[in-house]
Number of protein chains: 2
Amino acid sequence: MFNSTAILRKHGIPVTAQRLALLRAVGARPHATADALAEAVRAEIGTISKQAVYNTLGTLVEKGILRRIQPAGSPARYEGRVGDNHHHLICRSCGKTVDVACVVGERPCLRASEDSGFRIDEAEVIFWGTCPRCLGKDGAQQAGPVKPQDFCEQTNKPPN
Amino acid sequence: MFNSTAILRKHGIPVTAQRLALLRAVGARPHATADALAEAVRAEIGTISKQAVYNTLGTLVEKGILRRIQPAGSPARYEGRVGDNHHHLICRSCGKTVDVACVVGERPCLRASEDSGFRIDEAEVIFWGTCPRCLGKDGAQQAGPVKPQDFCEQTNKPPN
DNA sequence: AACAAAATGTGGACAGAGTCCATTTTTTAC
DNA sequence: GTAAAAAATGGACTCTGTCCACATTTTGTT
């Protein structure tokens, strides 16, 4: 009976062995996939159904206890580090995900210039690149040279 | 024989009826899914295989002719508007996607503060929210009030 | 215009992630 | 302790997207 129990209680979520184990698993391995978390939980408490994993993760995300990251071409990942402000840097080649701090207070690109009548509730930023290890493996393979600055300019490749 | 043919030729991509139709379809409906595009192409030239759709879209994205957007929890979408610089605003409820201009020249949040040794090649920004129509349907349903400014601060919901 | 080689397209099987549902088990609240 | 409510189970199923072997179309050339 730890912190996890208190967190669930505080949010009015019934406390079950599965939820506690899942919460611990997320804490132990940030950015893990639902499947990986299920494995971790099974190793700890023996068994958990796929459904329970998805339900629980979904509930926890809804309550703001967990954050769900859904990078292109990869299954969803979960992390417990909420409340602070950060974005993600993902390796295109191996999927490795690391946190990058957001410079709070400077957010021009994060204010949509036209909101089209939408009620915006979140701005998600993902930096795509190649991690050190994958760089080592197939170093100069990507198309064209990359300027490491001016990311905003490079959100799209130039035409032609 | 239009522009599309020239584009393909310019990139050394063999010109086929499927590719031309696909290119036209993307132009006609930005942000469409592979499936929707396949339907559009079928309406135009009778038939196209799923595989051809994916192959072609993949090739076009590689060549920089198309951009692929892969929003969380939704199939990939494609758009032809490349070369300019913009991000996306997506409705959580119905998936509607609209372009939002990026304020070029102001990009603090888009410079990763720590690159962890990664070679970054793109910064992707997605604004999540609710579109006007969905707002009408279930107006005050989302959890908690939302401040429409300070997006950066709201990338995560506050703890507790 | 015709031909051979190379590149594409076709269709169906298959895989990964996630959802649906009816039923059983556990929590919670009284 | 008990009944009602909420979760968990597990198996079927859906949706995207990929793999593969074989048929078709493009290209580049003669």
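Lettering of chains follows the sequences in order, A, B, ..., and the numbering in each one begins at 1. If you're wondering where the values come from, they're calculated on a predicted model, not measured in any experiment.
- The CG-P distance, from L57(B) to dG9(C), rounds to 11 Å in whole Å.
- On a pure distance criterion of 3.5 Å, no polar donor-acceptor pair joins the side chain of K50(A) and the base of dG10(D).
- Each of dG18(C), dC20(C), dG9(C) was ranked by its minimum atom distance to the side chain of Q51(A); first place goes to dC20(C).
- In terms of heavy atoms, C91(B) sits closest to F118(A) at N-CE2, 3.5 Å.
- Side-chain contact of E79(B) with H88(B): a donor-acceptor pair under 3.5 Å is present, judged by distance alone.
- Taking atom CG of D35(A) as the reference point, atom C1' of dG18(C) lies 11 Å away to the nearest angstrom.
- Axis deviation across the helix from dA1(C)-dT30(D) to dC30(C)-dG1(D) amounts to 40°, comparing end segments of five pairs, rounded to 10 degrees.
- When each of dA6(D), dT9(D), dT16(D) is scored by its nearest atom to the side-chain atoms of A52(A), the top-ranked nucleotide is dT9(D).
- When heavy atoms are screened at a 4.0 angstrom cut-off, T33(A) is found touching no nucleic acid atom at all.
- Checking dG9(C), dT28(C), dA17(C) against every side-chain atom of Q18(B), the shortest atom distance belongs to dG9(C).
- In this structure, the OH atom of Y54(B) is 17 Å from the P atom of dG16(C), given to the nearest Å.
- In this structure, CD1 of I45(B) is placed 13 Å from C1' of dT8(C), rounded to the nearest angstrom.
- Nearest-nucleotide assignment on DNA chain D puts the 5′-proximal partner with A17(A), out of R9(B) and A17(A).
- The side chain of I48(A) lies closest to dT9(D) when the candidates are dA8(D), dG9(C), dT9(D).
- Rounding to whole angstrom units, NZ of residue K63(B) and P of dA7(C) are separated by 12 Å.
- The interatomic distance linking L8(A) (CG) with dT27(C) (P) rounds to 12 Å, in whole Å.
- As a whole-Å value, the separation of H11(A) NE2 from dA6(D) P is 18 Å.
- Here dC15(D) presents its C1' atom at 14 Å from CZ of R77(B), a figure rounded to the nearest Å.
- Closest non-hydrogen pair, A34(B) versus V53(B), comes out as O-CG1, 3.7 Å.
- For the residue pair P75(A) and T33(A), the shortest heavy atom distance occurs at CG-CG2, 3.8 Å.
- The side chain of R19(A) lies closest to dA7(D) when the candidates are dA7(D), dT16(D), dG10(D).
- Here the side chain of V15(B) is nearest to one of dT27(D), dG9(C), dC20(D), namely dT27(D).
- Between I90(A) and P71(A), the shortest heavy-atom distance links the atoms CD1-CB, 3.4 Å.
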Quick one, H87(B) with D99(B), criterion side chain to side chain donor-acceptor pair (under 3.5 Å). Give me CA distance, side-chain angles, the key distance, then yes/no. CA-CA 6 Å; H87(B) 299 308; D99(B) 294 338; over 6 Å; no
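- Here the nucleotide nearest the side chain of T16(B), chosen from dA17(C), dG9(C), dT16(D), is dG9(C).
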